[in-house]
Amino acid sequence: MAIAVGLYDDIRPFNDDEIASVVERLVNDNEFITAIAHFQFPRLIKHFSWVIFPMIRMALRRKCRNITSVSDIQHEVIAYMKK
């Protein structure tokens, strides 16, 4: 049984050389930023999204500037989830 090339590209794990572009894509994804904002600032988001969204993007870029591998991402997520 042959599997079509690229059939599972949307759900495959990322490679280390793709991390920088994936992080940048997430930082620019409005739905992702909105989800973080609603999780972190549920009461403020309604009135202050204009300032919260850029702050989240800036914080994510700063936090992710040294992330270069899948392992780095996993360690950041683990540290965040332990809080």
Side-chain angles (χ1 to χ4, degrees):
M1 177 172 142
I3 298 175
V5 174
L7 180 63
Y8 298 105
D9 281 352
D10 289 344
I11 61 170
R12 70 169 177 75
F14 291 109
N15 297 314
D16 288 347
D17 62 335
E18 299 170 303
I19 294 301
S21 63
V22 169
V23 167
E24 190 59 29
R25 189 179 79 228
L26 284 172
V27 167
N28 290 313
D29 185 306
N30 288 332
E31 192 173 343
F32 181 66
I33 298 301
T34 299
I36 292 172
H38 280 282
F39 181 74
Q40 290 288 340
F41 310 103
R43 293 188 177 146
L44 298 176
I45 192 65
K46 184 176 180 180
H47 301 290
F48 298 104
S49 63
W50 59 274
V51 71
I52 291 173
F53 286 9
M55 287 175 48
I56 291 171
R57 284 189 168 94
M58 185 175 62
L60 282 173
R61 281 193 178 100
R62 188 173 0 108
K63 186 92 170 159
C64 295
R65 69 177 166 227
N66 295 322
I67 291 178
T68 59
S69 69
V70 173
S71 178
D72 292 344
I73 291 260
Q74 291 170 339
H75 283 89
E76 284 297 321
V77 171
I78 288 169
Y80 180 78
M81 297 305 284
K82 285 184 177 180
K83 290 181 181 181

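Since we're looking at a predicted model, the values are computed, not measured.
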Taking the side chain as everything from C-beta on, heavy atoms only, tell me whether Asp72 gets closer than 4.5 Å to Asn66.
no
So Ile36 and Leu60, do their side chains get closer than 4.5 Å, heavy atoms only?
yes
Any side chain to side chain donor-acceptor pair (under 3.5 Å) pairs touching residues 29-54, not counting sequence neighbours?
Asn30-Arg57, Gln40-Tyr80
Could you report the tightest heavy-atom contact between Val23 and Ile73, atom names first, then the distance?
CG2-CD1, 3.8 Å
Note: Ala37 and Ile45 closest approach over all heavy atoms is CB-CD1, 3.3 Å
One should read off an interatomic distance between Asp16 CG and Thr68 OG1, to the nearest 0.5 angstrom, of 7.0 Å
Value for CD1 (Ile33) from CZ (Phe53), rounded to nearest 0.5 Å, stands at 8.0 Å
Do Phe32 and Met55 sit in the same hydrophobic cluster, where Ile, Leu, Val, Met, Phe, Trp and Tyr count as joined when their side-chain heavy atoms come under 4.5 Å apart?
yes
Is there a path from Met58 to Phe39 through hydrophobic residues (I, L, V, M, F, W, Y) whose side chains come within less than 4.5 Å of each other?
no
Stepwise, does the side-chain contact (heavy atoms from CB on, under 4.5 Å) test hold for Val70 with Asn15?
CA-CA 7 Å; Val70 173; Asn15 297 314; over 6 Å; no
Leu44: side chain to side chain contact (heavy atoms under 4.5 Å, CB included) partners, not counting sequence neighbours
Phe41, Phe48, Ile52
